[in-house]
Amino acid sequence: MVVGKMFYRFWLPAFLLCFTTLSARAQSFQVQCPNTTITHPAATNNSEPTYVGPTYTGTSGYPAAPTHVNGAIKCQQISGGDGFATMGDGTQTYLFAFGPLSGLADMSKGLPGTQFPDVFNTVAPPLVPGDPATSDGASQSPYSFGNPSLFTYNGAVGLAPDLDAIAAGTCAAPCLDGHVDPRPIMDVGVMNGNMPAPLMAIDEDDEFFLTLTNVGQVMRPDLFEQHTVHFHGYPNASAFYDGVPDASVAINIGGSFTYYYLAPDAGTYFWHCHITPPEHLQMGMVGQLYVRPRQNRVPNTTTLYAALQAQQLDPRTKCDSSDVLCSNPLPAVNTGAAGGAKYAYNDGDGTTRYDVEYPLQIHGFDPNFHFVGMTFNPEGFTDMKDKYFLLNGRSYPDTVHDGPLATQTTDGALHYAQPMSSIINIPVGGRALLRIADLDVTEYQTLASLGIPMQVIGLNAKLLRDQSGNNLYYNTNSITLAGGESLDVILDASDTTKYPSGSVFYLYTPNLDHLSNDAENFGGLMTEVRIN
């Protein structure tokens, strides 16, 4: 088992290394999203296949002709730069930030920007700074026609045919080989920082290609800031792609780099820049990532218990009593539950089922630190003290504003700086999964649920279950997280007598000093849970 796992985890990233290091060396923009790989050899990677059995069953590495190919290929492109976000009291706050360079339409709706290759590898019509936020009646964008609802482009910004190769006859049109036009990347990527950073979502067994393009920080031309992507707590295959510059690479201004990940165990993770982390995290370079379980792809004709038994044949995720790092042991009780729904983990008994899911990123801003970050003065790290407390980049009452929040920045254009709503809408009789992550630099944070108890099912991307298969879930009215922790929580509103349609409950912090927007009261960490 160990031989197969080690061979696969380290050989494939090493194979990809020869392609991805070129971008870091050449310091030029490019993007990578292959249609096929060694792991996914057939060009059918534009949808998630049904899970019917493990890909790997031997110990000698990747099979030449696997019986089952699970997962697919997913891609995303992000920019590293700066921008502004508007706080709940109206103050514009300067950010070091990541922004979207793919999945623009989805992310403007608060959805993950992660795409299949057939969507990612498409050439965009002309875009203008701020698209799709600038797509209003006065828009100059020829693509959105003056109406944000018509903006549907989710491909990679800047992706362009290699016209020289086509003219030379060495590549057939459209010849999308990672060649990009830097103009649209700069148009869209500059001053386009998001808070939180672009949301990512993949499925177990996926191969994820994430391109980071450093477009520079327009408000701080004196800085030559490098950026990286570090997946915090993520069981990465290779230190080279881990984003810690001591063992990885850092991306200079004017350069792109494609990170490669094989999707690990299901759960809620998060990611951030690992260059001077206290500064870049405080300034806003933090985002959320979640991995969906294989169990979501189990058909309703198969029991979840049998599907989890089949996973134990896969040496990459084998889980038995001898594995102290086992993340999904078989449940102690076979409930006979069948597939066909959505789950937080490979539970084997259906107990993590949900109807709707909401990522909630907790964060805090020190406005003085951010103001100094926009100037040429030294930052006071030891005096850092958060005064804005944020859920998905928003303080109350902005947390109950449905839809993206736009901020006009120094380039004169609107930008969807805070695209993710914090409202939790649960269908009548339904269950909501809250993927809560705390990326605060200075504070512990507490959230309380008023009216609907929280059932905690996962901690730091691990199902709460002992090695004997006993569920260790617990019900509570409040949870407390430190910076760098995540929890998976289910709000169960299936009892329609207690939770009828039209009911409104609150998710808030009982720490009264965190219910404020700087000096203004009635803000901070509070949002609504609506039954509708």
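Predicted model only: the values in this text are computed from it and were never measured. We use all heavy atoms of the structure for the numbers below, so side chains are in, but hydrogens, waters and symmetry mates are not.
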**Prompt:** Nearest 0.5 Å, what's the NE2-CG distance between His363 and Asp386?
**Reply:** 7.0 Å
**Request:** Kindly indicate, with the supporting measurements, whether the criterion side-chain contact (heavy atoms from CB on, under 4.5 Å) is fulfilled by Leu434 and Leu447.
**Result:** CA-CA 12 Å; Leu434 307 186; Leu447 281 181; over 6 Å; no
**Request:** Show the numbers, then the answer: is there a side chain to side chain donor-acceptor pair (under 3.5 Å) between Ser79 and Thr213?
**Result:** CA-CA 5 Å; Ser79 64; Thr213 296; over 6 Å; no
**Asked** With a 3.5 Å cut-off and no angle check, do the side chains of Thr446 and Thr480 form a donor-acceptor pair?
**Response** yes
**Item:** Step-by-step ring pair (Phe, Tyr, Trp, His ring centres under 6.0 Å) determination, Tyr354 to Tyr343
**Value:** CA-CA 6 Å; Tyr354 65 89; Tyr343 309 90; 7.8 Å; no
**Message:** Contact between Pro129 and Val190 at the side-chain level, heavy atoms closer than 4.5 Å - yes or no?
**Reply:** no
**Asked** In terms of side-chain heavy atoms, does Asp131 have a donor or acceptor partner in Tyr153 at a distance below 3.5 Å?
**Response** no
**Request:** Give the intermediate values and the outcome of side chain to side chain donor-acceptor pair (under 3.5 Å) for residues Thr211 and Thr258.
**Result:** CA-CA 4 Å; Thr211 298; Thr258 299; 2.9 Å; yes
**Asked** CD1 of Ile452 to CZ of Phe505: how many Å apart, nearest 0.5 Å?
**Response** 5.0 Å
**Asked** Knowing that exactly one of Tyr290, Phe270, Tyr358 qualifies, which makes a side chain to side chain contact (heavy atoms under 4.5 Å, CB included) with Arg435?
**Response** Tyr290
**Prompt:** Going by atom types alone, do Asp438 and Gln445 pair a side-chain donor with an acceptor below 3.5 Å?
**Reply:** no
**Asked** So His227 and His280, would you call those rings parallel, tilted or perpendicular, with 30° and 60° as cut-offs?
**Response** tilted
**Asked** Does Lys462 come within less than 4.0 Å of Asp265, counting only side-chain N to carboxylate O?
**Response** yes
**Asked** Any side-chain donor paired with an acceptor under 3.5 Å for Tyr416 and Asn194?
**Response** no
**Request:** Return yes if some donor-acceptor pair links the side-chain N/O of Asn477 with the main-chain N/O of Pro453 below 3.5 Å, else return no.
**Result:** no
**Asked** Does the Gln77 side chain pair with the main chain of Leu101, one donor and one acceptor, at a distance under 3.5 Å?
**Response** yes
**Asked** Can you tell if the side chain of Asn252 reaches within under 4.5 Å of the side chain of Phe224, non-hydrogen atoms only?
**Response** no
**Prompt:** After noting the C-alpha distance and the side-chain angles of Leu439 and Leu281, does the key distance pass the side-chain contact (heavy atoms from CB on, under 4.5 Å) rule?
**Reply:** CA-CA 8 Å; Leu439 297 175; Leu281 268 69; 5.6 Å; no
**Request:** Begin with the C-alpha distance, continue with both residues' side-chain angles, and end with the deciding distance and a verdict on side-chain contact (heavy atoms from CB on, under 4.5 Å) for Lys342 and Asp355.
**Result:** CA-CA 7 Å; Lys342 293 182 287 188; Asp355 298 292; 5.8 Å; no
**Prompt:** Does Lys74 count as lying over the ring of Phe116, i.e. NZ or CZ under 6.0 Å from the six-ring centre, within 45 degrees of the axis?
**Reply:** yes
**Request:** Run through Thr152, Asn154, Thr114 and flag the one making a side chain to side chain donor-acceptor pair (under 3.5 Å) with Asp106.
**Result:** Asn154
**Request:** Using the six-membered ring wherever Trp is involved, compare the ring planes of Phe98 and Trp271 and label them parallel, tilted or perpendicular (cut-offs 30° and 60°).
**Result:** tilted
**Sub-4.5 Å side-chain heavy-atom contact between Glu279 and Phe96** = yes
**Request:** Answer yes if the side chains of Asn392 and Gln361 hold a donor-acceptor pair under 3.5 Å, and no otherwise.
**Result:** no
**Prompt:** Going by atom types only, do Glu443 and Asn511 share a side-chain donor-acceptor pair under 3.5 Å?
**Reply:** no
**Asked** So, do Phe257 and Tyr259 have ring centers that fall under 6.0 Å from each other?
**Response** yes
**Request:** Decide yes or no for Met107 and Leu199: does some side-chain heavy atom of the first lie under 4.5 Å from some side-chain heavy atom of the second?
**Result:** no
**Prompt:** What distance do Cys75 atom SG and Asp206 atom CG have between them, rounded to the nearest 0.5 Å?
**Reply:** 10.0 Å
**Asked** Have Gln295 and Asp347 got a donor and an acceptor in their side chains that come within less than 3.5 Å?
**Response** yes
**Request:** Step through the shown structure and confirm whether more than 12 heavy atoms of other residues, nucleotides or ligands are within 6.0 Å of OH on Tyr444.
**Result:** no
**Request:** Using modelled atom types only, decide if a donor and an acceptor are shared between the side chain of Ser516 and the backbone of Asn521 within a distance under 3.5 Å.
**Result:** no
**Message:** Does Arg465 qualify as a cation-pi partner of Tyr473, given the criterion of NZ or CZ under 6.0 Å from the six-membered ring centre and within 45 degrees of its axis?
**Reply:** no
**Message:** Would Phe84 and Met374 count as a side-chain contact (heavy atoms from CB on, under 4.5 Å) here? Give the steps.
**Reply:** CA-CA 10 Å; Phe84 285 88; Met374 191 173 55; 3.6 Å; yes
**Fill in**
Contacts satisfying salt bridge (charged side-chain N to carboxylate O under 4.0 Å, His left out) that involve residues 419-431 (not counting sequence neighbours) are Arg431-Asp492
**Item:** Gln418 side chain vs Leu405 backbone, donor-acceptor pair below 3.5 Å
**Value:** no
**Asked** So do Ile531 and Lys498 actually touch side chain to side chain, heavy atoms under 4.5 Å?
**Response** no
